[in-house]
Number of protein chains: 2
Amino acid sequence: MKRPTIADIARRAGVSKGAVSYALNGQPGVSEATRQRIVAIAQEIGFNPNSAARALSGARARAVGLTLCRPARILSIEPFFMGLISGFEQELAARSYALTLQVVATPQNETEVYRRWWGERRVDGVFVTDLREHDIRIPVLNELQLPAVVIGGPGDTGNLTQLWSDDAGAITEAVRYLMALGHRRIARVGGLPDLLHTRVRTKAFTEVCASLGLNEAVTVPSDYTGEEGGRATRRLLIEAERPTAIIYDNDVMAVAGLSVAQEMGLSVPGDLSIVAWDDSPLCSLVHPPLTALSRDIAAYGAHAARQLLAAIAGEPVKDEEEGTAHLTPRGSTAPPRES
Amino acid sequence: MKRPTIADIARRAGVSKGAVSYALNGQPGVSEATRQRIVAIAQEIGFNPNSAARALSGARARAVGLTLCRPARILSIEPFFMGLISGFEQELAARSYALTLQVVATPQNETEVYRRWWGERRVDGVFVTDLREHDIRIPVLNELQLPAVVIGGPGDTGNLTQLWSDDAGAITEAVRYLMALGHRRIARVGGLPDLLHTRVRTKAFTEVCASLGLNEAVTVPSDYTGEEGGRATRRLLIEAERPTAIIYDNDVMAVAGLSVAQEMGLSVPGDLSIVAWDDSPLCSLVHPPLTALSRDIAAYGAHAARQLLAAIAGEPVKDEEEGTAHLTPRGSTAPPRES
DNA sequence: TCACGTCACTTATCCGGTTCAGTAAGTTCT
DNA sequence: AGAACTTACTGAACCGGATAAGTGACGTGA
């Protein structure tokens, strides 16, 4: 089956290719009557502009890229990325931009993918997640002048647009809440330590605990997997002075932590309160349901997509902070039992 | 920064554009010495062929598409798709094919996306998941002659390649196992009822139960969400003759079911045994860990990708069945307690 | 020695859009 | 009425590769 081209439309409308192009793109240069005739013909024969031809002459690929740098087994269970992708799509689909995905093994590989995408002109811009300190991807993107939105800072990203969420505010709220319940030994199982937003959280956690007079604010680093989260929990709970509350950097680790506590015969929330970060459906379907720091990840993604599209269009885009996650109290938090 | 083109290479090598094209594509027509010189220059200046130009003349976009037709909140938590995507990528990345993703609301929208992708020549082929009976996507793909691999049959897909897993064999194994443990009242919480693989499972479940003399083989339909899974579980457990074992069509519902059982004061596996379908890390991190029907979803995806790439290359591709999921016994199954 | 074939290229065309530089009408101003 | 604009187009170049057709140099066999 032959795909219709603007030449076919031009023939049927009795005009030149140029006129068709102007008409379909809303450019001046054709009369309203002609434009409508051309649009009607395009509609009728089911015309879609060949993206390659368009990209070749117009320099826009109408696609953006996302690289995912996590092992398959984490990607599959971590709800964050799919939530983000859903959010991206809300904006991209509306402007019929495609999303190109690539799973990679290392940040180094990510830079290679960026270079290839840029060279191939395959994407007009990229989303960068998991910002690290001295992130090697940043200089590459700046060198290539590939429009990008960096999610997960704030950090030093040259002239790349950034979007981050107020993690410090969120963790402060969680700690205050736990203290108000009466907890004095609060621990945290953190995410990958070299991610910038993990550092922001750790710093804020340490600071707020210190300012409130808790000097045993331990953060155990982890890697977002359930296994590691469970292991970290076990390590915390076998201490003589075990914490009465633990904050987890993601929902998967929180669920694993809950499971470990139950396995050790501790009651949640009686002996241990649990707060999860990022409130996926996962948090509501375990028993007891987990108190969580909720944020609308899809909205976060949609916001990032709007920024990226603006950056691609050459509009000025400024760094922004997405709203603070708010605490959703559920059954996993309560005042600590008198010991 | 200017992107290097074959014209730049041609100039530096002192040859024509055509020679460069032949050299880089391994075509005959240039001497080995010249080829090596050209390849070296391309390497040196970091040349990547413009994908648009290539697609325009060569008719290959070097990209394949995947549409996801599930609401965001399910997508984010359902590990299946990310596992599948990871598998796709293993094969696609190796041949530097890009994966284009689109989240859609309805199967109707999926057909529109296929038409657009085809018209835009944006993808060379697509993955189709969640096959239904009388699936409206199949005739569209056949009409467009867009290469596709259909995952989730078997069913009637015209001349589109299919890949499915032996769901009947897997559920038979699970039922046999539960019966061997002594269970006589086995129920199932199924996935979306109009998906073809759900029907295959339901039919096999009913048949194996009947053949083994269990005539109370109830399947409660659900939609893969935790909420629905929990609700279905509650409905099953309030019956006078409640089941002693439940098989769930995905891991998310199984976890929700476990939670409901615990909330109702039933011990797992003492009062209720639970089997999950698809063994994601989720199953191991709840307490007790869930017995699951395990299959390697990434391998499944990789297999599908190989088939799609072969179909795109015009090679003959035959329908295939991926291996049977095998039962991984964990703590959630045991002989039923004497009542 | 000359016709012929092969090799190693070059030249030109094509893919399907976008866009710039014309151009022939019609309109406006003086 | 004629110059100056505007409108509504047309024609052609261009984007960066792939590729068919053409070309000159060289080797080879009769």
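A, B, ... follow the sequence lines: proteins, then strands. Residue 1 opens every chain.
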| Does B/Ser57 put a side-chain nitrogen or oxygen below 4.0 Å from OP1 or OP2 of D/dT19? | no

| field | Protein-nucleotide distance (B/Leu24, atom CG; C/dC9, atom P), rounded to Å | value | 14 Å

| task | Check the distance between C/dG16's C1' and B/Arg60's CZ and give it to me in whole angstrom. | result | 18 Å

| Nearest heavy atoms of B/Ala61 and B/Asp124, plus distance in Å | N-OD1, 2.7 Å

| Between B/Arg122 (CZ) and C/dC15 (P), how many Å, whole number? | 21 Å

| message | Strictly below 4.0 Å, N to O, side chains only: are B/Glu120 and A/Arg62 in salt-bridge contact? | response | no

| message | Under a 3.5 Å distance rule, please check whether A/Arg35 uses its side chain to pair with a backbone N or O of A/Ala23 as donor and acceptor. | response | yes

| Which whole-number value in Å describes the distance from B/Gln27 CD to C/dT10 P? | 16 Å

| task | Write down the distance between CZ (A/Arg3) and C1' (C/dG17), rounded to a whole number of angstrom. | result | 15 Å

| said: Measuring to OP1 and OP2 of D/dC9, would you say a side-chain N or O of A/Thr34 lies under 4.0 angstrom away? | reply: yes

| request: Could you verify whether a donor N or O on one side chain and an acceptor N or O on the other, from B/Ser165 and B/Arg295, lie under 3.5 Å apart? | output: yes

| field | Length of the CZ-P vector between B/Arg121 and C/dC15, whole Å | value | 10 Å

| request: Would you indicate, yes or no, if C/dT10 has its OP1 or OP2 atom less than 4.0 angstrom from a side-chain nitrogen or oxygen of B/Ser16? | output: yes

| request: When you get a sec, tell me which of C/dG17, C/dG16, C/dC9 is the closest nucleotide to the side chain of B/Ala19? | output: C/dC9

| Can any side-chain N or O of B/Asn50 pair as donor or acceptor with the backbone N or O of B/Ala52 at less than 3.5 Å? | yes

| field | A/Ile6 side chain, from C-beta outward: closest of C/dT19, D/dG16, C/dG17 | value | C/dG17

| said: Does A/Val20 reach a base, just sugar-phosphate, or nothing at all? Heavy atoms under 4.0 Å. | reply: nothing

| note | Exactly one of A/Thr111, A/Asp156, A/Leu131 clears side chain to side chain contact (heavy atoms under 4.5 Å, CB included) with A/Ile138, and that residue is A/Leu131

| query | Would one find a side-chain N or O of A/Asn25 under 4.0 angstrom from OP1 or OP2 of C/dT18? | reply | yes

| said: Let me test you: for the helix from C/dT1-D/dA30 to C/dT30-D/dA1, what is the angle between the axes at its two ends (five pairs each), rounded to 10 degrees? | reply: 50°

| Sugar-phosphate, base or nothing in reach of A/Gly14, heavy atoms under 4.0 Å | sugar-phosphate

| note | Atom CD1 of B/Ile38 and atom C1' of D/dA18 are separated, to the nearest Å, by 15 Å

| request: Could you state the atom-to-atom distance from CG of B/Leu56 to P of D/dT19 in whole Å? | output: 13 Å

| field | Point-to-point distance, once rounded to the nearest 0.5 Å, from CG of B/Leu144 to CZ of B/Arg115 | value | 5.5 Å

| query | Taking only residues two or more places apart in sequence or in another chain, which ones pass ring pair (Phe, Tyr, Trp, His ring centres under 6.0 Å) with B/Phe88? | reply | B/Phe127

| task | Indicate whether the side chain of A/Gln162 and that of A/Thr157 have a donor and an acceptor atom separated by less than 3.5 Å. | result | yes

| Member of A/Asp135, A/Thr129, A/Val104 meeting the side chain to side chain contact (heavy atoms under 4.5 Å, CB included) criterion with A/Glu110 | A/Val104

| field | 5' precedence on DNA chain D between A/Arg35 and A/Lys17 (nearest-nucleotide basis) | value | A/Arg35

| field | Reading 5' to 3' through nucleotides 20-28 of chain C, protein heavy-atom contacts under 4.0 Å coded B for base, S for sugar-phosphate only, - for none | value | B--------

| note | A/Asn50 has its side chain closest, among D/dG17, C/dG17, C/dT10, to C/dG17

| said: For a quick test of reading the model: is some side-chain N or O of A/Arg54 closer than 4.0 Å to OP1 or OP2 of C/dG16? | reply: no

| request: Output yes when at least one side-chain N/O atom of B/Ser31 is less than 4.0 Å from OP1 or OP2 of C/dC9, else no. | output: yes

